[in-house]
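Everything on this sheet refers to the single structure shown next.
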Amino acid sequence: MFYVGMVPAASAQQDQFGVNSMSNELQTAFNEIAQLRELPSDIVLDALQTALVSAYRKDTGASAAQIIEAEIDPGSGRAKVFVEKEVVDEVYSDATEVELERARAIDPAAELNDVVMVQVEHNTSTFGRIAAQTAKQVILQKIREAERSALYDEFINREGDLMIGTVQSTNSRKVTLSLGRAEADLPRSQQIPGERYRTHEKIRVYVVEVSKSSRGPQILVSRAHREMLHRLLEYEVPEIYNGQVEVKKIAREAGHRSKVAVAALQDGIDPVGACVGMRGIRIQNIVKELHNEKIDVIEWNPDAVQFITKALSPARVVGVFLDNDPAEGKTAVVLVPDDQLSLAIGREGQNARLAAKLTGWRIDIKSVLETAQTALDNLDAPPLAGWSASHSDLVAESLRIIEKRRLDLAVMPEEFKTLERFASLVEERLQTSRDAAHEIYIERRDTVRETLDATLFELPLDVLDVSQAVLDALEPYDNIGEVMLQHLIDEALVIRKFADIEAGEPSAELQAALDSIMAADLAQLLAEANSIEDDDDEEIAVELADEQPTPPEAQDEAAEADADAAESADVVLDAFGQPILPEEAAAPAEEATTPELVAAVPAPVREAADQHRDVRDERPGEAVFTEEDSEKEFELELRKGKTQRRKDRQKRRQLVLDEASGEVIAKRRRKSSRGSWDEETWEDYDY
């Protein structure tokens, strides 16, 4: 395109006074907006140029398809407007056409039917009130968008950091904090239980997430997040900040108790002593900040036995016996003296629960007396039947001590030591038996796995035609092959996962779904699953595209609509006779196993699986504590999104039996051109 300049004539007086006055006013406006909004001048200048284009369109009624550009010289304040026009012999519409002679005055290469950008003689002082209102709306919109973007860029870099906020307001759901130029939300789930917040009080919070919205950055902060304790340790302990001491893991129940595992990265440094500080001054500062929350600092150890022993402090542990069950996961059987049992478990199981979070092992806490009594009652049953004969003296001494305890006679400390040794030997014997059963189980599982088609281990759980509750219970399994393998080896273990499902018959529902899978063509089924996954990716891409910022043309149209609405409203004058423009509205807020499969499993495999299950189920225990995540709210939100996508995918496909052909048909539903699901439109895939 060619730019043809046409500068309007101006008198000497205008050059002397008008330009200088405009320059001063423009510089003043730039400085005020840049300082108040903390925006660079080029953004403000771009907003003014966009507003000038919008005002020109509104004032002249130019088509939205016509290209219009504006330039403002920040030094002189002079504004230039360039309009796209077609080169013609004779001008019929001055708004869209320009003569050939005029076009060639600057660029001799201009030809007929070319499109050039012509500077128009248009004075901004002649703009009507509607055009001026449109310009105002565009400027405000542009500046607000730039301010929101700048705020987001500022706070996204603070994600995962500590900040000090001022309490603005409180209610039953959340606390609103001021972080300077932005506000943050402290939900009730992320508050420390027992804390009370007063207006204008300054508190320290952890920035969990910063996200974009139509109202600016949405900042979610927390005081209950375990990473807040991590950041506080970095502030109070220089060795952690400098990298000499590393925080391995944190288990926290906000407002009550936390356990922190630390390790030294340099020789000669005591990691626990560095965190506690002289006379506990460092850790006490953190305790005060966290509303007197108790903090246990322990030294991390790569040996799981030693680590679990320290994690259960302050309780004294007699022994730790690790049971890495291939079906149910890792469990640590912990023996403690009877007088240490309540201390090891903690109030409402808190100490053992935190130790399980910290170590990653399920913890089964058992008292010495209970273990010894149970072992003496089952000496004739395997696996203690042959073992007790080789430890007859220890068994007899243990029986004597147990009898004294039953008669409420005094038991000496040496006798308690004897019971502890007996209980430890019993647990070692039980552990040896469990390890042997695990080895047989793994060997047999590998044998059964070879009988299953490898494609089964690539099919996602979403392919199963079962209810959402059954799918949620099967979540620990990665694919359909793992479900089918476990169902063949140990059906009772799979059924136990349906214990919380009250409605329907989940075991029969799962069996029917597995039967349908085995009757279908697995290769076609996998291809269909992958195709649906691709469709999901496309939908996500479309959703992300829909969330992109509104283009300038649409913004201009919205601003013009606002201006029209303002024009149609009654005009109210202030005390000085000037019209009072309306305020902008606030932005809107946001059971039997398959016969064919059983026949494929050798009898020794089923016997080994039964033996493995019996050994596991017979293991005694007093209290079992599983690992939990302290940030349940965030994980729940993530699972909600995943669950919704799974439901949508299941709605798009069904496995049905075709009575005519006697084969299983997978029906898939696609979106119509209107973007909705057509219940009558199905594509059939013969399996």
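The first residue in the sequence is number 1, and the count goes up from there.
- Under a 3.5 Å cut-off, the side chain of Asp521 and the backbone N or O of Ala523 do form a donor-acceptor pair.
- Atom-to-atom distance recorded for Ile480:CD1 and Leu525:CG is 6.5 Å, nearest 0.5 angstrom.
- For the atom pair CG (Leu290) and CG (Leu229), the distance works out to 6.0 Å, reported to the nearest 0.5 Å.
- Of all heavy-atom pairs between Val221 and Ala184, the closest is CG1-CB, 3.8 Å.
- When all heavy atoms of His225 and Arg252 are compared, the closest pair comes out as O-NH1, 2.7 Å.
- The two residues Tyr241 and Glu234 come nearest to each other via the heavy atoms CB-O, 3.5 Å.
- Within the 4.5 Å cutoff, the side chain of Arg204 has heavy atoms near those of the Leu232 side chain.
- The two residues Ser222 and Met228 have their closest heavy-atom pair at O-SD, 3.7 Å.
- We find the CG-CD1 distance between Leu265 and Ile240 to be 10.0 Å, quoted to the nearest 0.5 Å.
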For this session: Given side chain to side chain contact (heavy atoms under 4.5 Å, CB included), test Thr176 with Asp185 step by step and report yes or no.
Result: CA-CA 5 Å; Thr176 303; Asp185 292 337; 4.2 Å; yes

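- Ion pair Glu289/Arg223 flagged as a salt bridge, since at least one NZ, NE, NH1 or NH2 atom sits closer than 4.0 Å to an Asp/Glu carboxylate oxygen.
- Looking at Leu186 and Gln191, their side chains come closer than 4.5 Å, going by heavy atoms from C-beta outward.
- Judged by distance alone, with hydrogens and angles left aside, the side-chain atoms of Arg231 form a donor-acceptor pair with the main-chain N or O of Gly160 at under 3.5 Å.
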Side-chain donor-acceptor pairs under 3.5 Å in residues 161-171, sequence neighbours left out?
unit_1	atom_1	unit_2	atom_2	d
Thr166	OG1	Lys202	NZ	3.1
Asn171	OD1	Arg173	N	2.8
Asn171	OD1	Lys174	N	2.7

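- Between Leu464 and Leu474, some side-chain heavy-atom pair lies under the 4.5 Å cut-off.
- Here the shortest heavy-atom pairing between Ala224 and Ser189 reads CB-O, 4.4 Å.
- For the atom pair Glu201 CD and Leu177 CG, the distance stands at 10.0 Å (nearest 0.5 Å).
- Summarising the geometry, atom CG belonging to Asn530 is positioned 8.5 Å from atom CG belonging to Leu459; distances are rounded to the nearest 0.5 Å.
- Annotation for Val210 and Pro217: closest pair CG1-CB, 4.2 Å, computed over non-hydrogen atoms.
- A donor and an acceptor atom, one from each side chain of Gln468 and Asp472, are located under 3.5 Å apart.
- From Lys212, atom NZ reaches atom OH of Tyr152 across 5.5 Å, with rounding to the nearest 0.5 Å.
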Exercise. Can you list the steps and then say if Phe155 with Leu179 is a side chain to side chain contact (heavy atoms under 4.5 Å, CB included)?
Worked result: CA-CA 10 Å; Phe155 283 96; Leu179 300 180; 4.0 Å; yes

